[in-house]
Novice: 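Here you go, one structure.
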Amino acid sequence: MKYDFDKYMERRGTDCEKWDGLKDDFGRDDLLAMWVADMDFPAAPEILEAIHKKVDEGALGYPIMPDSLRAAICAWEKEHYGWEFAPEAISWAPGVVAGLSFAVMGLTKPGDHIIIQTPVYKPFYRTVREAGRIIAENPLIYENGRYTMDFEGLEKLVTPTCRTLILCSPHNPVARVWSREELEKLADIAVRKNMIIISDEIHQDLVFSDAKHICIGSLPGMEKRTVTFIAPSKTFNIAGMKASVAIIPDELLRGIYISVIERFHLNSINILGIAAMEAAYGKGGEWHKELMKYLEANRDYTEAFIKERMPKAHMDHPEGTYIFWIDFRGYGFDDKSLTDFLVNEAKVALDPGSWFGEAGDGFARINIGTTRAQLKEGLERIADALDKRENKG
């Protein structure tokens, strides 16, 4: 491989939330950090080179959004997902969560209900509530160790003041990559019920070889009712660049969205973020392919380890992302006791399941976006601590 993903990178002492924020979030800083969707790999050399080049130019003044960046985004989406749209469909956000908030503010009214499919990424809840909207939960169905959408329940939720869904695709934290059939069912409901889909597709590039990501905005009839957010941040580990993309093919929806970001004077992204994004989408293809081979091997290792060493735990087969959802209820844990066990006995930091809603009680989210050696150490810490508890019992 051209790129070395086994090389350890020390991130403590770099003002890194994942490592330097442990004490604030978990009460101690001697933990192995396996939380936060942030990989322990340096950004692709091609991205770092582009940032250095921009810095070496010396001037970091007001940027314009280059046509070459729009072209790189269009080419990436066409090559990887077969989704074609005009460059004019592209707008911006300083982050996907910020973009979701702008879309909610522009496309709904205070007091409206907004549908989320739980358990789901924690900021979805805040995005709705902080905008003065009301959460309408459409819980995922969990059967035989697998999550699916509850389409019947969704149809019942939709009313004139509850017709907006924030979709997580691929889904965080359950690591599902929705199939074409599932998304077509969702699209059919959206068309029939006159729904708007605000789609968080930040993990679209992190899909394993046994699944395929479909952009919901690419499906027939959906171009006029979708606002899709993507970013190179998770894929290329550059979240600190604060550079994300809104893809809005419909002129009316796009105009509404742009009116909100202009109101907050956020209709651009930072100058280094522009350089990083263009390098990622324009030159990062080979790095991305090698990353996915490495992450898939980490996925397979994690699955096998849990089945062998943590037989009472369950992890649904992850189809995408590098943040996986583990059910520890077989060991008798609830959310509070599980977090205490992981932090104080196993000495690892995983995202508590409660952060993703009530359905996360007894679950935890693990980040496998790290070196194989560090992944192995973290899993062994958990398994060894479980063995000690079982032997005591």
Novice: So, for W325 and F356, is the gap between ring centers shorter than 6.0 Å?
Specialist: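 Centroid distance W325-F356: below 6.0 Å, so yes.
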Novice: With salt bridge (Lys or Arg N to Asp or Glu O under 4.0 Å) as the criterion, how do E278 and K283 come out once you've worked through the C-alpha distance, each side chain's angles and the decisive distance to 0.1 Å?
Specialist: CA-CA 8 Å; E278 185 167 349; K283 300 177 181 179; over 6 Å; no
Novice: How many angstroms lie between CD in E46 and OH in Y3, if you round to the nearest 0.5 Å?
Specialist: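 Those atoms lie 3.5 Å apart.
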Novice: Would you call K23 and D29 a salt bridge, using N to O less than 4.0 angstrom?
Specialist: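 Looking at K23 and D29, the cut-off is not met.
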Novice: Less than 4.0 Å between a side-chain N and a carboxylate O, is that true for D38 and K234?
Specialist: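 So K234 does not pair with D38 through a salt bridge.
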Novice: Should the ring pair Y147 and Y142 be called parallel, tilted or perpendicular, given that the plane angle runs from 0 to 90° and is split at 30 and 60?
Specialist: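 If you compare the ring of Y147 with that of Y142, the planes turn out parallel.
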Novice: Between K122 and D351, is there a side-chain N and carboxylate O pair less than 4.0 Å apart?
Specialist: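 The answer is no: the pair does not qualify as a salt bridge.
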Novice: Report the relative orientation of the aromatic rings in W355 and F26; use parallel for angles under 30°, tilted for 30 to 60°, perpendicular for over 60°.
Specialist: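 Ring orientation, 0 to 90° scale: tilted.
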Novice: Is NZ or CZ of R299 both nearer than 6.0 Å to the six-membered ring centre of F208 and within 45° of the ring axis?
Specialist: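 Satisfied, under 6.0 Å and within 45°.
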Novice: Is the closest basic N to carboxylate O distance between R133 and D112 below 4.0 Å?
Specialist: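 Looking at R133 and D112, the cut-off is not met.
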Novice: Just checking Y81 against H213, ring centres under 6.0 Å apart?
Specialist: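 Centroid distance Y81-H213: below 6.0 Å, so yes.
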Novice: Hey, is CZ on R12 packed in by over 12 heavy atoms from elsewhere, all under 6.0 Å?
Specialist: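 Yes, CZ of R12 has more than 12 neighbouring heavy atoms, counting only those of other groups under 6.0 Å.
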Novice: Please check if the distance between the ring centroids of F363 and F328 is under 6.0 Å.
Specialist: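 They do not qualify: ring centres at least 6.0 Å apart.
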Novice: Is it the case that atom CG in D56 sees more than 12 heavy atoms from other parts of the structure closer than 6.0 Å?
Specialist: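 Counting neighbours around CG of D56, more than 12 heavy atoms of other residues, nucleotides or ligands fall under 6.0 Å, so yes.
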Novice: Salt bridge check, E49 against K53: does any charged N sit closer than 4.0 Å to a carboxylate O?
Specialist: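 No salt bridge links K53 with E49.
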Novice: Going by the angle between their ring planes, with limits at 30° and 60°, are H203 and Y322 parallel, tilted or perpendicular?
Specialist: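 Aromatic pair H203/Y322 classed perpendicular.
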Novice: For residues L379 and T302, determine if any side-chain heavy atom of one lies less than 4.5 Å from a side-chain heavy atom of the other.
Specialist: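 The answer is yes, as the side chains (C-beta and beyond) meet within the 4.5 Å cut-off.
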Novice: Do NZ/NE/NH1/NH2 and the carboxylate oxygens of K312 and E390 come within less than 4.0 Å?
Specialist: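 Salt bridge flag = yes for E390 with K312.
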Novice: In plain terms, say whether D250 and R225 are close enough for a salt bridge, that is, a side-chain N and a carboxylate O under 4.0 Å apart.
Specialist: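 No salt bridge links D250 with R225.
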Novice: Check side-chain hydrogen bond (donor to acceptor under 3.5 Å, both in side chains) between E10 and all other residues, then give those that pass, not counting sequence neighbours.
Specialist: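 For E10, the residues satisfying side-chain hydrogen bond (donor to acceptor under 3.5 Å, both in side chains) (neighbours in sequence not counted) are Y8.
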Novice: Does a side-chain N-to-carboxylate-O contact under 4.0 Å join K54 and E57?
Specialist: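 Yes.
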Novice: Using the six-membered ring wherever Trp is involved, compare the ring planes of F124 and Y121 and label them parallel, tilted or perpendicular (cut-offs 30° and 60°).
Specialist: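 Because their plane-to-plane angle is over 60°, the rings of F124 and Y121 count as perpendicular.
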Novice: Among residues at least two apart in sequence or on other chains, which ones pass salt bridge (Lys or Arg N to Asp or Glu O under 4.0 Å) with D188?
Specialist: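 Listed in chain order: R192.
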